[in-house]
Amino acid sequence: MNNISNIDRLWTVEDVSDYLGVPVKTLYQWKWRGEGPPVKKIGRHLRDDPAKLRAWVDAEAA
């Protein structure tokens with residue numbers, strides 16, 4: 001039996017919103033303007049790689 005919890009998962013827009021402390025609407029605006037953290041669109045959904053998001057935060061803070 002596979003254990004999904006052991007697989008590194010991509011973060012939802014809600015996860016990123018909680019992590020960054022910004023509204024979900026802001027994340028969608030950044031995506032539309034080509035700003036903000038790197039994000040992938042999978043179907044109709046935005047997903048973020050947690051490692052890439054953390055690297056973006058570190059780069060922005062420098």
Handout entry: Partner set under salt bridge (charged side-chain N to carboxylate O under 4.0 Å, His left out) for Glu35, not counting sequence neighbours
Key = Arg33
Would you tabulate the side-chain donor-acceptor contacts of residues 11-20 under 3.5 Å, counting partners in other chains and residues two or more places apart, or write 'none'?
{"residue": "Thr12", "atom": "OG1", "partner": "Glu14", "partner atom": "N", "Å": "3.3"}
{"residue": "Thr12", "atom": "OG1", "partner": "Glu14", "partner atom": "OE1", "Å": "3.4"}
{"residue": "Thr12", "atom": "OG1", "partner": "Asp15", "partner atom": "N", "Å": "3.1"}
{"residue": "Thr12", "atom": "OG1", "partner": "Asp15", "partner atom": "OD2", "Å": "3.2"}
{"residue": "Asp15", "atom": "OD2", "partner": "Arg9", "partner atom": "NH1", "Å": "3.0"}
{"residue": "Asp15", "atom": "OD2", "partner": "Arg9", "partner atom": "NH2", "Å": "3.1"}
{"residue": "Asp15", "atom": "OD2", "partner": "Thr12", "partner atom": "N", "Å": "3.0"}
{"residue": "Ser17", "atom": "OG", "partner": "Val22", "partner atom": "O", "Å": "2.5"}

What pairs of donor and acceptor atoms, side-chain ones from residues 45-62 against any protein atom, are under 3.5 angstrom apart with sequence neighbours left out?
{"residue": "Asp49", "atom": "OD1", "partner": "Ala51", "partner atom": "N", "Å": "2.9"}
{"residue": "Trp56", "atom": "NE1", "partner": "Gly36", "partner atom": "O", "Å": "3.3"}

Fill in the blank from the handout: Value for OH (Tyr28) from NZ (Lys25), rounded to nearest 0.5 Å, stands at 13.0 Å
Practice task
Verify the cluster assignment for Leu10 and Val39: are they in a single hydrophobic cluster under the rule of side-chain heavy atoms below 4.5 Å apart?
Solution key: no
